[in-house]
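Order of appearance sets the numbers: ligands from 1, and atoms from 1 within every ligand. Sequence positions, counted from 1, serve as the residue numbers for this chain.
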Amino acid sequence: MTEKFVVTGGAGYIGSHVCVELASAGHDVLVIDDFSNSHPEAVRRIQEITGVDISLLEVDLANPANLPKVIESVGAFDATGAVHLAGLKAVGESVEQPARYYDVNINAALTLLRALENAGAKKLVFSSSATVYGDLNESPVNETGATGAANPYGRSKLFIEEILKDIATADKDWRIANLRYFNPVGAHSSGRIGEDPNGVPNNLFPFIAQVAVGKRDKLRIFGDDYPTRDGTGVRDYIHVVDLARGHVAALDYLAETKQGGAIDINLGTGGGVSVKEAVAAFKRASNRDIPFEIAPRREGDIAEIYADTSLAKDLLNWRATKTLDDMCADHWHWQRNNPNGFKS
Ligand code: UD1
């Protein structure tokens, strides 16, 4: 059945891939984005890939003055639900500017909630993060694991999860999935959309990709003395297209379930990859040299985390299908064709 989904942050890295999968599954999409950390070209390319028209509302969701406009547009679109990805996401910046992070991330979520409530569209997928598990659990970590994020960015995710649970408890019509992403990497196989970070990338894959394409001299590996198989940090990297399909599966589940409420669901592959293994795989995929040096540990980093994915399998009938080599090949394809991201 065709449904109408609002995708906030729909021009961003994960959001653009979610839009492609939703449009390809036959759904109508309204992107809400202020392009503060994304590019309108991404929306054009979603349409190019899918051949489907995407509606767009360019607005800062976090500014309460925009509430009437958002309510109006979501109502006029006749939304049946939403995927909420809009927000600030730089860990280091969140430590320096906590008030701004809480203000933007929490107000954006509340504005969207009011607009959905007004439209009677009480179905929501929230873009949460494995960062909510902090350093408190043995891997594989499942959704009952202890939570306690290590920085304001992570805590804003956790607080929004809690707000959504309160809302779903108070009004049984709400159906909400908090998707806890592990580490999304890769790009659409067309090479037309992908991650386009501002400035120096914080995350591993965009950094490696910029070294491979010659934009940066070398990778700094943050620590090789962790208690892992080769001493470098281990993470659960997941192809962004698999992740995006997890959103479609979650919305299908929310459409069918009789049970109101808010549920937490991990989206990962269930396996761990070390920094050195990621570098070796990217080298194979790109056929480029990836020079690196060992640097001190990064503050706040943990040794190892990967997902228990059984809940997503059982509930959503979803699992990640793409390999580490697929992730590297697609990430490289995007990077090589768009060395300056959407500006090229
Ligand atoms: C980071 C964030 C996390 C966020 C996630 C989004 C921190 C402390 N955590 O997680 O809150 O949800 O990104 O994807 O920033 N590495 C290097 N050199 C680099 C970059 C990374 O060695 O230049 C290593 C890291 O030490 C880590 C691994 O690569 O072991 C992955 O790092 P990254 O991509 O930043 O992801 P996370 O640390 O898992």
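- Of all protein heavy atoms, the one closest to atom 9 (N) of ligand 1 is Val91 CG2, 3.8 Å.
- Under a 3.5 Å cut-off, the side chain of Asp242 and the backbone N or O of Lys322 do form a donor-acceptor pair.
- Nearest protein heavy-atom contact of atom 24 (C) of ligand 1 is Val275 CG2, 3.7 Å.
- A salt bridge links Glu48 with Arg192: the closest approach of a Lys/Arg side-chain nitrogen to an acidic carboxylate oxygen falls below 4.0 angstrom.
- Side-chain N or O atoms of Asp252 include none that pairs as donor or acceptor with a backbone N or O of Ala249 at under 3.5 Å.
- Asp225 and Arg297 are joined by a salt bridge, as a carboxylate oxygen and a charged side-chain nitrogen come within less than 4.0 angstrom of each other.
- Under a 4.0 Å criterion applied to the non-hydrogen atoms of Ile221, ligand 1 contributes the atoms 22 (O).
- The option with the heavy atom closest to atom 34 (O) of ligand 1, from among Ile302, Val185, Ile305, Leu204, is Leu204.
- Ion pairing between Glu41 and Lys343 fails under the 4.0 Å rule for side-chain N and carboxylate O.
- Taking a 4.0 Å cut-off on heavy atoms, Ser129 registers as neighbouring ligand 1.
- Atom numbering of ligand 1 starts at 1 in the shown order; those under 4.0 Å from a heavy atom of Asn183 are 36 (O), 37 (P), 39 (O).
- Ring centers of Trp174 and Phe126: at least 6.0 Å apart, outside the cut-off.
- Residue Asn202 has at least one heavy-atom neighbour below 4.0 Å for each of these atoms of ligand 1: 20 (C), 35 (O).
- Relative to atom 35 (O) of ligand 1, the option among Glu195, Arg298, Glu299 with the closest non-hydrogen atom is Arg298.
- Residue contact annotation: Tyr237 has a non-hydrogen atom under 4.0 Å from ligand 1.
- By the criterion of a heavy-atom distance under 4.0 Å, the backbone of Arg220, and not its side chain, is placed next to ligand 1.
- Inclusion of Phe222 in the set of residues having an N or O under 3.5 Å from an N or O of ligand 1 is warranted.
- Applying the 4.0 Å criterion to heavy atoms of Asp301 picks out, from ligand 1, the atoms 8 (C), 25 (C), 26 (O), 38 (O).
- Ring centroids of Tyr237 and Phe182 are separated by 6.0 Å or more, keeping the two rings apart.
- Some N or O of Arg235 is nearer than 3.5 Å to an N or O of ligand 1, by distance alone.
- With ring centers used as reference points, His17 lies under 6.0 Å from Tyr13.
- Contacts between Tyr153 and ligand 1 below 4.0 angstrom, taking non-hydrogen atoms only, involve the side chain exclusively.
- At a 4.0 Å heavy-atom cut-off, ligand 1 touches Thr131 through the side chain alone.
- The protein heavy atom nearest to atom 13 (O) of ligand 1 is Asn203 ND2, 2.8 Å.
- Ion pairing between a basic and an acidic side chain is recognised when a charged N comes within 4.0 Å of a carboxylate O; Glu161 and Lys157 show no such pairing.
- Of the charged side-chain nitrogens involved, at least one lies within less than 4.0 Å of a carboxylate oxygen, so that Arg298 and Asp301 count as a salt-bridged pair.
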